[in-house]
Structures are given as C-alpha cells and as structure tokens.
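For reference, the structure is listed below as structure tokens.
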Number of protein chains: 2
Amino acid sequence: MKVEKISELTTNRLSVYLRCLRELSSQGVLSVSSDELADRFHLHSAQIRKDLAYFGEFGVRGVGYYVEGLIDHISKILGLDREHRVGIIGAGRLGTALADYYHFSHSNFKVAALFDTESSKIGTKNGEATVYDFREFSDVVERLKIDVAIIAVPANFAQEVFRRVVQAGITAILNFAPAPLKSEVNIKLKTVDLTNSLESLSYFLAQSEETNGAGKILNVRAKRKRTAAKNAK
Amino acid sequence: MKVEKISELTTNRLSVYLRCLRELSSQGVLSVSSDELADRFHLHSAQIRKDLAYFGEFGVRGVGYYVEGLIDHISKILGLDREHRVGIIGAGRLGTALADYYHFSHSNFKVAALFDTESSKIGTKNGEATVYDFREFSDVVERLKIDVAIIAVPANFAQEVFRRVVQAGITAILNFAPAPLKSEVNIKLKTVDLTNSLESLSYFLAQSEETNGAGKILNVRAKRKRTAAKNAK
DNA sequence: TGATGTGAAGCGGTTCACAGCC
DNA sequence: GGCTGTGAACCGCTTCACATCA
C-alpha cells in the first residue's frame, strides 16, 4: 500500500467493482479472484489488484478476495457507508428525471430537494422531494443538510448557479449543463455532457462511412491551405 | 498532419471547442488564438493546436484560427454536417427526459422514435416522437432510418437490448444503464453511468472529511491483515 | 499450487520549446 | 512580432512479470 494520490480513474472503477460484487454477493458467491472480476468488465486483472492494493491488502494469496469483506471495504473507501443528501438545481425535465432516477436507485444518495426560480414549479412535489425557490438555496441547504448539488439548468445560467452553490458551502457538484465551468480548489466538480456524448458517436459514424464508402481518410492536405486562406474572407 | 489514430479524448474536446466557437461566432468574433481558447475551458494551448493539427492546418501563423472556417471544419470532422436519427430504448422517466433534452438542444440529432415493451406506453407521443413496440425494433429502425441508439432501460435488461440493437444494424450506441456491456469491434458503445458519477463525488467528500476531521488518511495498515483474515469467516 | 501485491517496463496523452510561417 | 505546427521531454496510467505468501 502506498500513500499516493488516488486517481479518479481508480475511484470510478471501485464503484464499478462494487456493483459487481453486490451482484456476486446476492448470488451467494463467497470469494472471487482478480482474474474472474477482470473478465466480467473487460479489464486487466493487474489493474484490479492495483486499484485495491492502494487502500490495503484485502486479498488472500492463493484464494482471491472475500466478496462480503471487499464490499464493506470499498463502501467505506468511497464513503458510501453514510447517507448523502442531494439538491438538484433546475426542476425541468432533466432535473425531475434525475430526481426520479436517483430516488429509485436505492443508493446512499437521497434527493432532499429540488430548486427552481419559476414560481409555478416552486412548492410542487416530486416524489418525496419538494421544489424550493432557488433564491433560498443557502437556507434550505443548511436546513436539509444537503452536501451534494446537481446542476440541471440551461448552459447560460450554469456559471452563476455554480457560484451560488459554492457560496452555500457545497463542495461536491455534478453538472449536467453543457458549460465549461471555472472551478476552484477544494471543490469537486464533475461534468456530464450529454451533447458531447452523442457528438463523439457521430465522429465514429463519420469515420466508418468514409472507410466503407468512397474516399480514404484525409487525403486532402493540399486543399487545406487554400481553405484556410479563403476563410479569411 | 499525421495519419494516426485519433483518441476519443481528442474528439470529445473538438465537440467542446465547437460549442465555444459557435458562441464566439454569435458574438461576431472573427478569429481566435489557441491561447485565448485555452483559458476559456482551462486547457493548455498546445493541446488545442495538436487536436486541430491532427486533421489539417486550419490556423494562420501570426493570427490564429478564423472562427467561421474552424466551425465548418470541426463540424465536418465530427460528422455534424448531416443529420443523425436517434432511437431511444426505454420510455420511462429517463428515456423520455432524454428525448426532450435532445429534442430541444436543436442539434443535428433528431429523436425519431422511442421504444418500450409496456403496452400502456406504446403508441403514445413524446414531443414529436412516437413510442413503438420494442419487438418491432428492426423494422422501425429501417423505416425511420435510425442510426444511433440510446439505451435507457434497467440494468438487467441492458445486455439483451444491446444485442437486439446491434442485430438491427446500429453501430453507435449511448448506454445509460449501469451495466458492463460486452461490446464488439466496429460497434461504438459509450456508457454514461449516472450512479458512478455520484459515487466518485462521494469519495471526494469522504476524503475531505478525513483530512478536516480526526484521523489522517490511511494510517491503518497494521489493521488490514487482521481484517482480511477475519473476513474469511 | 495458486492468487495476491508490486517494482519495472511499456504506452498514450500532455506539455514544452522552438522552428517555420504570416 | 506573433502564433501555429510539431518533435522531444515528460508524466501518469496500464500491463508485465515475478517474488511472496496462504
């Protein structure tokens, strides 16, 4: 075990391992080797061993990892042994859908409140969570002990919402707005860009068309200079 | 310009650049340097130049990049110069929310259809898209010329849905089910794991508690061996 | 014997630094 | 002079290979 900085790639994988281990547990499996885990999600066994070894010696040589014990360890490492309370800013379609999604994914994340500025939405219920006025964000955060924020507002509001969220003392933020938020130290900001995800699929489609279809990729170098010059208008 | 394999990290960034360039364009900005772009989203300027240089010499030395021209180039590279037609499998809360989201993000992705197996949902409208019976997936895909699929079903159905989607000839798939899908060559599968995203925030919170609070990180090595042994039960 | 834990090697992506060009 | 395009250096993550231990 080292006292190195743990990469986010590692913690992401821990969360994936955990899901798998829970399934194994429900199937009554007692122990599992890194090799077995590796081919569930197509990863390398050494990677799994390294990820786990950062945090301690959880395995037993010649045997593997005991499923129940490992679940406990990973849960504790990820801080999933205690409940987190989530506030979702933006009670539009996306915000309410996320509220639902997380509500039913019976995890340690409880959606405690939604926030919006539109008066027609304020006061409505969404499952068990009420929609509050975003102008009272700080107060509600304190009262409901919210420690995680999800931003689900249009891009042009995102930076301002982010500022207010940080101001209210929230340090962990999941952002769904397609905006390049300027973050700060000691604030964990994670952006999920739904448009981006589709566009990168589009690139793949464009590539396979080119290779299946007529022209080979990028044999157009000569043209480029002219194009750039022309763009000057 | 090289004829190397382009990393997905690069294409993701291209999509981010594109959004920024469109904004600049709407502000009437004519040209922009890699340095200016770099501090919009806090990136390194060399990175931006490299990303672009993979595809051609779009810049002008001493000047920068012409905004309009670069928008055209990136759009073409990402295949956003033509429309894509999306089918969403799973007409639950998440599926319909995504349908809405993509419908209003006036991009080149048109949600052409949703799919479900629940008879109460089949035939209903969702914005402009109808919910079809998933059992007729292949037919509808062909008829509506769908080329991108979004999987928004519970985890336990995901692998089977994935199989059917591939069978119908779809090669680009965005998956929201928290399941480790086994993919194939020539199929582009991208998974967005909403639970995962929150759990990695949780790790961050757990860390900052430890450092702010009592114990320093991981001074518990000695305990570990005992714990592992005990887990054997 | 069989699987872990881990230095060392390998690899891919980012940053540096500067030649080349406008 | 200023900014791009790019080889070289750098850095961090992944994979290898093997000593270690139940």
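The sequence lines fix the lettering, A, B, ..., with proteins before strands; numbering per chain opens at 1. Note that the coordinates shown come from a computational prediction; the quantities given were computed from them, not determined experimentally.
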(request) For B/D51 and B/T10, test the side chains for any donor-to-acceptor distance below 3.5 angstrom and give the result as yes or no. (result) yes

(request) Please test B/Y17 against B/F41 for ring-ring contact (aromatic ring centres under 6.0 Å, His included), starting from the C-alpha separation and ending with a verdict. (result) CA-CA 9 Å; B/Y17 303 157; B/F41 6 80; 5.7 Å; yes

(request) Rounded to the nearest angstrom, tell me the gap between atom OH in A/Y54 and atom C1' in C/dT4. (result) 16 Å

(request) Quickly, which of B/L70, B/I71, B/V29 forms a side chain to side chain contact (heavy atoms under 4.5 Å, CB included) with B/L24? Name it, please. (result) B/V29

(request) Measure the distance from CG on A/N12 to C1' on D/dC13 and round it to the nearest whole Å. (result) 14 Å

(request) Mind calculating the distance between CG (A/D51) and P (C/dG5) to the nearest angstrom? (result) 12 Å

(message) Tell me the interatomic distance from A/Y17, atom OH, to C/dT4, atom P, rounded to whole angstroms.
(response) 12 Å

(request) Mind running side-chain hydrogen bond (donor to acceptor under 3.5 Å, both in side chains) on B/S26 and B/E23 for me, showing each step along the way? (result) CA-CA 5 Å; B/S26 75; B/E23 202 180 311; over 6 Å; no

(message) Can you tell me whether the side chain of A/K50 and the base of D/dT14 have a donor-acceptor pair closer than 3.5 Å?
(response) no

(message) Output the rounded distance in Å from CG (A/L37) to P (C/dG5).
(response) 12 Å

(message) Assess whether a salt bridge exists between A/D35 and A/R40, defined as any Lys/Arg side-chain N lying under 4.0 Å from an Asp/Glu carboxylate O.
(response) no

(request) Identify which nucleotide among D/dC13, C/dT15, D/dT15 has an atom closest to any side-chain atom of A/L9, counting heavy atoms from C-beta outward. (result) D/dC13

(message) Taking donor-acceptor contacts at under 3.5 Å, does the side chain of A/K5 reach the base of D/dG12?
(response) no

(request) Could you state the atom-to-atom distance from CD of B/Q47 to P of D/dG5 in whole Å? (result) 15 Å

(message) Here's a test of your reading of the structure: between B/R13 and A/A46, which maps to the more 5' nucleotide of DNA chain C?
(response) A/A46

(request) To the nearest Å, give me how far apart CD1 (B/I6) and P (C/dG12) are. (result) 14 Å

(request) Please tell me if the side chains of A/K110 and A/H84 come closer than 4.5 Å, counting only heavy atoms from C-beta onward. (result) no

(request) Please determine, by modelled atom types, if A/K190 and B/S200 share a side-chain donor-acceptor pair under 3.5 angstrom. (result) yes

(request) In whole angstrom, give the distance that lies between atom CG of A/L43 and atom P of D/dC16. (result) 13 Å

Considering only nitrogen or oxygen atoms on both sides, find all protein atoms under 3.5 Å from nucleotides 1-4 of chain D and state each distance.
| from | atom 1 | to | atom 2 | distance (Å) |
| --- | --- | --- | --- | --- |
| D/dG2 | N2 | B/G62 | N | 3.4 |
| D/dC3 | O4' | B/G62 | N | 3.0 |
| D/dC3 | O2 | B/G62 | N | 3.3 |
| D/dT4 | OP1 | B/S34 | N | 2.7 |
| D/dT4 | OP2 | B/S34 | OG | 2.7 |
| D/dT4 | O2 | B/R61 | NH1 | 3.1 |

